[in-house]
A.B. asks: 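Right, I'll just put the structure down here and ask away after.
We count residues from 1, following the sequence as given. Because the structure is predicted, anything quoted here is derived from the model rather than measured.
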Amino acid sequence: MNIKKFSLTMLAVGISLSPFASEAKGHPNLILTESGVERMRDSLGEVPLFDKSLAAVKQEVDAEIEMGIDTPIPKDFSGGYTHQRHKKNFFIAQKAGVLYQVLEDEKYAKYIRDMLFQYEAMYKDLPLHPQKRSYARGKLFWQCLNDSNWLVYMSQAYDAIYDYLSADERKTLEGNLFRPFADFISLENPQFFNRVHNHSTWGIAAVGMIGLVMNDEDLIQRALYGIEDDGLEVGGKDNDGGTIKVEGQRKGFFANLEEPFSPDGYYTEGPYYQRYAMYPFLIFALAMENSRPDLKVLQHKNGVLLKGVNALLNLSDADGEFFPLNDGQKGMSYHSASLVTAVDLAYFYGEKDPQLLSIVEKQNQVLLQESGLSAAIGVRDGKAKPFAKDSVNLSDGPDGQQGGVGILRYGNEDLTLVFKYAAQGLSHGHYDKLSFSLYEKGDEVLQDYGLARFVNIEQKGGGNYLKENATWAKTTIAHNTLSLNGQKHFDGKYDVASQHHSALFTFDAEKENVKVVSATEENAYPGTLMHRTMAVIKDENFEKPFLLDILRVESDQKNQYDLPFYYMGQIIDKNFSYQSPTTLSAFGEDNGYQHLFVEGKGNANNGNTKFQWLGNGKYYTLTAVTHADDEVYLTRIGANDPDFNLRRDAAITLRRNDTADTVFVSVVEPHGSYSPVSESSVNSRSSIASVNVVLDNDDYTGVSITDVKGNIQLFVIANGNSDKSVEHAVTIAGQDYSWTGPYFYQ
């Protein structure tokens, strides 16, 4: 459908000025601007992707207008009718505002006006939401977070029709709805508003944006710098079980830009919540850019918000789905509306990177704003170039010194390693230091579970976080990392975990045939140092690149070590014997173990234990260096889960008992394929004959990999000195080796 240029005679409306109007710009001046709207109008019918996006929005909004306006009395959690209806209302109102500005059709302004006055009539006497689960209950919604969502979008709708309304109408809406709404989510809920968290970012943006529309300096300053005298004490828990901390200067928009974002643009809560928070971050920053450019909010911290968009795109697999680090729902991707906004704004306000246009093409829609128009023009003019997702090390922490996430990619995402050595990640963090996940193209090979929640599915806990998020998803044993003595990292204590982070040892992705990331963790278990080195290697004697994993442990006492691998697929073969119980029982009693059924238990081989599975038509073999007294457990998630809130995924776990210092070495080898159409199995067997630890002392750990043809590869990691300029030399089996830098490979 092509949108043709047309114009309507604008209604003559009276314009009244607020007390600060002499200093304010005309409307719209929040996300839309007068000049930007003119450019969009002038381009109608000439930019296919913009026209397509506009037509889709027009069809959606027109259908809602036909249905009439419903503002029901709130009663439901996420996913329930009243929640979803109010959520739909603010989305539609914002879109209607854009249509009114671009198409100049009064029906959209009237629709917004009528909806706002229905809310005005309701809000004056609206009590707190009847659902009492939240640490900060809303009025329209069960939590202030969603109330803030409403105000972020409704402020845009109000800005779009500001001059359509009479002075009396604006006075009524601002006095009875918008100002009380802003005061409620800030002054009346400081435990929500005055903190560093994605929740607060939405609240801050909501208060600031309605303040900008109303030209209310008090609200604008409150949003930028927080509430000074909030009367709060440190402590208490939010909806996710995280401790609420609000001391010092940890409040306001600038604090929420400074602390969660690293200089690389990584957001400490993880990509799922970075995606969620990027919308209010960018939209409020854009509103400030349009209304108060002197404060340079969009450029704050060396343009970290625009860097954040690039970081997010790099935190996705080959299909554009975000890696589920910390609390993250699988399947969330850069096709979400918030990323459409983020990519368009990053293109327009950044350096017009043509690689971003290839993401725009995949999203197949643009923001109905000047940045979206610009991106659509770039696509139309053939400027798009493929977005190159290379290996990248993204630092964590406000100064980039609190660990990070290392991503090693071989080829065109033929194999992708995601290695997490980051800080805790605020209340959405998991207890999984030095954990990893592995992908071949867009397919999970070894998974990170993500969150335990069915977002907005009312039948599952009201669409909110389930108790299994704490009892399973956040636990250490739920991840591909090491558990000691059946305990969680930091004993599962948020306040302790928040004080520590893992430390990068080395990251090197410069070489074509070997890419390495290595990090240490010494606080997860007091008295124990873990040093994990992971290398993505491509050798001519192997069909595909493979992963080498070296996990070295030094401890001041003997422990029980459990190292799981959460594989995705069907068991094909193994070289160890095991027993399957006739009655399933749990792996343990707590710390996540209570949610694992033991489906098999056996003894590892003295030398190498091999385990093979088939997933998504591809074969994978795990070859681990094991001892004769090591145990192997085949487990499956689902024990003590009567409501079936957890996926029934499987793992193989290596257990080493009564040991202090030790080293775990394994190779994950992708190979071959199977086609159910041709029923053809190709290269279904591992190419590895043996994996051996050939050196292990305080200074170095060396591993040899021998393939079935007798070719030997050697990898050595320095255990103490990571300086890339330092020279090293070792002797292994009578052969001398020397090199410069923290590792050696040949």
Side-chain angles (χ1 to χ4, degrees), residues 390-393 404-411 413-421 434-440 445-446 480-482 502-521 530-553 563 565 608 620-625 663-671 686-688 690-696 699-707 711-724 728 730 732 737 739-746:
D390 297 321
S391 298
V392 62
N393 187 45
V405 175
I407 304 170
L408 298 180
R409 289 183 169 96
Y410 180 85
E413 300 189 84
D414 297 326
L415 193 67
T416 300
L417 168 74
V418 184
F419 181 58
K420 182 188 175 193
Y421 64 99
L434 307 188
S435 69
F436 80 100
S437 54
L438 190 67
Y439 294 77
E440 185 174 5
V445 179
L446 293 165
N480 301 311
T481 191
L482 194 67
S502 302
L504 180 67
F505 186 76
T506 192
F507 181 90
D508 182 6
E510 298 301 317
K511 303 178 182 65
E512 180 65 23
N513 65 328
V514 56
K515 303 175 188 298
V516 179
V517 60
S518 180
T520 60
E521 171 57 51
M530 296 185 289
H531 183 178
R532 195 168 202 175
T533 300
M534 311 199 83
V536 172
I537 298 171
K538 180 65 177 78
D539 184 86
E540 61 183 7
N541 296 299
F542 289 79
E543 175 193 1
K544 298 179 179 181
F546 61 85
L547 174 69
L548 170 62
D549 176 17
I550 304 172
L551 176 52
R552 192 169 187 272
V553 187
L563 182 60
F565 296 86
N608 286 165
Y620 303 95
T621 299
L622 170 71
T623 304
V625 177
V663 60
F664 290 88
V665 173
S666 57
V667 173
V668 182
E669 175 194 5
H671 56 93
S686 168
S687 294
I688 292 177
S690 65
V691 179
N692 296 284
V693 178
V694 294
L695 175 67
D696 187 46
D699 297 320
Y700 304 100
T701 298
V703 176
S704 68
I705 303 171
T706 304
D707 66 32
N711 302 298
I712 299 176
Q713 300 174 63
L714 177 66
F715 185 95
V716 183
I717 182 73
N719 292 325
N721 196 326
S722 63
D723 192 322
K724 294 186 177 182
H728 300 270
V730 299
I732 299 174
Y737 301 92
W739 72 94
T740 301
Y743 74 91
F744 169 82
Y745 171 76
Q746 77 167 24

A.B. asks: If we ignore hydrogens and angles and just use 3.5 Å, is the side chain of S722 paired with the main-chain N or O of F505 as donor and acceptor?
C.D. replies: yes

A.B. asks: Just wondering, do Q713 and Y745 contact through their side chains at under 4.5 Å, heavy atoms?
C.D. replies: yes

A.B. asks: Scan side-chain atoms only and decide if S437 and N480 contain a donor-acceptor pair under the 3.5 Å cut-off.
C.D. replies: no

A.B. asks: Under a 4.0 Å N-O cut-off, is there an ion pair linking R552 with D696?
C.D. replies: yes

A.B. asks: Quick one: does V694's side chain get under 4.5 Å of V703's, heavy atoms only?
C.D. replies: no

A.B. asks: Determine yes or no for a side-chain-to-main-chain donor-acceptor pair under 3.5 angstrom, with N608 supplying the side chain and V691 the backbone.
C.D. replies: yes

A.B. asks: Between V445 and P670, is any pair of side-chain heavy atoms under 4.5 Å apart?
C.D. replies: no

A.B. asks: Taking V665 as the fixed residue, which of L551, L548, T623 is the one that meets the side chain to side chain contact (heavy atoms under 4.5 Å, CB included) rule?
C.D. replies: L548

A.B. asks: So, the side chain of E669 versus the backbone of S687: is there a donor-acceptor pair under 3.5 Å, distance only?
C.D. replies: yes

A.B. asks: Ignoring hydrogens, what is the shortest heavy-atom contact between S502 and Y421? Give both atom names and the distance.
C.D. replies: CB-O, 3.3 Å

A.B. asks: Does any non-hydrogen side-chain atom of F436 lie less than 4.5 Å from one of L417?
C.D. replies: yes

A.B. asks: Look only at the side chain of D390 and the backbone of V392, and say whether a donor-acceptor pair between them is shorter than 3.5 Å.
C.D. replies: no

A.B. asks: State, to 0.1 Å, how close A535 and V516 come at their nearest heavy-atom pair, and which atoms those are.
C.D. replies: CB-CG2, 4.0 Å

A.B. asks: Which distance, rounded to the nearest 0.5 Å, do you find between the CG of N541 and the CG of D539?
C.D. replies: 4.5 Å

A.B. asks: Please tell me whether H728 and F744 form a close aromatic pair, meaning their ring centres lie under 6.0 Å apart.
C.D. replies: no

A.B. asks: Kindly indicate whether the side chain of S518, heavy atoms from C-beta on, has any atom under 4.5 Å from the side chain of Y743.
C.D. replies: no

A.B. asks: Can a donor-acceptor pair be found, under 3.5 Å and without considering hydrogens, that links the side chain of R532 to the backbone of A519?
C.D. replies: no

